[in-house]
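Worksheet: one structure, shown below.
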2 protein chains.
Amino acid sequence: MYMSSKLLRGSLETIILKLLSEHQELYGYEITQLVEEQTTGGIKLTQGALYPALHKMEAKGTLSVETRSIGNRYRKYYSLTKKGKTEVAKLLNEMEQFLASLQLILNPKTA
Amino acid sequence: MYMSSKLLRGSLETIILKLLSEHQELYGYEITQLVEEQTTGGIKLTQGALYPALHKMEAKGTLSVETRSIGNRYRKYYSLTKKGKTEVAKLLNEMEQFLASLQLILNPKTA
DNA sequence: CTCATATACATAAGGTTCTTAGGTATAAAT
DNA sequence: ATTTATACCTAAGAACCTTATGTATATGAG
C-alpha cells in the first residue's frame, strides 16, 4: 500500500473529510479501499499516512470515533462532527480555488 | 510574499518547469511575479521556497543558470536543460493523472 | 533629499506531512 | 498449513514548505 504521488501532500485531510461527508461513517481501512476504487487505482493511501491523519483530526475535533466489535476484531468508525462539517466546506473551497489557479498555470490562456 | 496553501506542496517544481517551458529563460523574482499575475493572486510563491527549489533543480541538472549584470545588480537567469525538458513532460503528466484522480473524489459520478 | 517600497539575491531554524519500515492480530483463501 | 487480506498501530527519517532574517541596489513619494 503506497501513496504514489508527492502531490497528495496537503490534500489527504480534504479527501478524508469529503468522503465522510458522503458516507456518514467509515473506518480507516475502508477509506483506503474507497479511495483506490473511486480513483481506479490512481491514488493509494498508505496506512502510515492515514492513521496519524485520522488521529490528528479526532484531536482537532473534526471527527468523532466509535469503536465497534466485529466478531473477535474491532473497527474504528469515524464520522464528521459539527465542526467537521464546517471544515469540509472550507477545505473543499480552498482546494477548488487552488485547482483553478493551477489550471491557469497549466493551461495559460492563449488569447 | 507568502504561499497561501499547503496544497502547493509538491507542485512547485512542476510549476517552475512548466513556466520555463514557455519562456526560454526566467530569473527567480520574475517567476514569483509571473505566478502571481497568471493566477491573479491565487498563488503567491515565497522566496524561502523558491530559491532553494531553483538550487535543487540546478543541482539535479534540470535547470541551467546564467548570471547577468543589470547595472550594479545581477540576476540569475534559469533555463531548461535537455534533461529538464524531459522532466517537464513527465511531471506534467503525473500532475494531470493526479488531478484527474482527485476530480473523481471531488465529483464522484452520481451514475 | 530622504525614507519607504520594490527589486533581487540568499540562508537557517522549525513545523508539517508524508514515506518507509516495522509491529500485532484475526479472518479467509489456497 | 501457509499465504493473503483485513484492521489496527507507531517511529525514524526525509522532503518540502513557512517564517524570519540578512544583504544590497533601484525607484518613487512626499
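All heavy atoms count here, side chains included; hydrogens, waters and symmetry mates do not. Every chain is numbered from 1 and lettered A, B, ... according to where its sequence line falls, protein lines coming before strand lines.
With rounding to whole Å, Glu37(B) atom CD is found 10 Å from dT7(C) atom P.
In this structure, the helix from dC1(C)-dG30(D) to dT30(C)-dA1(D) shows an angle of 30° between the axis at its start and the axis at its end, each fitted on 5 base pairs and rounded to 10°.
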Strictly under 4.0 angstrom, non-hydrogen atoms only: write out the protein contact profile of nucleotides 24-30 of chain C, one letter per nucleotide from the 5' end, B, S or -. --BS---
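Residues passing the side-chain contact (heavy atoms from CB on, under 4.5 Å) test with Leu106(A), sequence neighbours excluded: Leu102(A), Gln103(A), Leu92(B), Met95(B), Leu99(B). Shown here are the ring pair (Phe, Tyr, Trp, His ring centres under 6.0 Å) partners of Tyr51(A), two or more places apart in sequence or in another chain: there are none. Every residue meeting the ring pair (Phe, Tyr, Trp, His ring centres under 6.0 Å) condition with Tyr27(B), not counting sequence neighbours, appears here in chain and number order: Tyr77(B). Residues satisfying the side-chain hydrogen bond (donor to acceptor under 3.5 Å, both in side chains) criterion with Gln97(B), sequence neighbours excluded, are absent altogether. Residues meeting the side-chain hydrogen bond (donor to acceptor under 3.5 Å, both in side chains) test with Tyr74(A), sequence neighbours left out: none. With sequence neighbours excluded, the residues satisfying side-chain hydrogen bond (donor to acceptor under 3.5 Å, both in side chains) with Glu66(B) are Arg68(B). Looking at residues two or more places apart in sequence or on another chain, you find a side-chain hydrogen bond (donor to acceptor under 3.5 Å, both in side chains) between Lys18(B) and Glu22(B).
Checking dA7(D), dC8(D), dT6(D) against every side-chain atom of Gln33(A), the shortest atom distance belongs to dT6(D).
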Nucleotide N/O to protein N/O under 3.5 Å, stretch nucleotides 15-17 of chain C:
from    : atom 1 : to       : atom 2 : distance (Å)
dG15(C) : N2     : Arg9(B)  : NH2    : 2.8
dT17(C) : OP1    : Lys56(A) : NZ     : 3.4
dT17(C) : OP1    : Lys6(B)  : NZ     : 3.0
dT17(C) : OP2    : Lys56(A) : NZ     : 2.8
dT17(C) : O2     : Arg9(A)  : NH1    : 2.6
dT17(C) : O2     : Arg9(A)  : NH2    : 3.1

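With hydrogens and angles ignored, the 3.5 Å screen pairs no side-chain donor or acceptor of Ser11(A) with any backbone N or O of Thr14(A).
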Please tabulate, for the side chains in residues 56-65 of chain B, all donor-acceptor contacts under 3.5 angstrom to protein atoms that are two or more places apart in sequence or on a different chain.
from     : atom 1 : to       : atom 2 : distance (Å)
Lys60(B) : NZ     : Glu13(B) : OE2    : 2.8
Thr62(B) : OG1    : Met57(B) : O      : 3.1
Ser64(B) : OG     : Ser79(B) : OG     : 3.2

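One distance of note links NZ of Lys90(B) with NZ of Lys83(B); it measures 9.5 Å at 0.5 Å rounding.
Of the residues in residues 16-28 of chain A, not one comes within less than 4.0 Å of DNA chain C through any heavy atom.
Distances shorter than 4.0 Å separate none of the side-chain N or O atoms of His55(B) from OP1 or OP2 on dC9(C).
With contacts defined as side-chain heavy-atom distances shorter than 4.5 Å, the pair Leu50(B)/Thr46(B) does not qualify.
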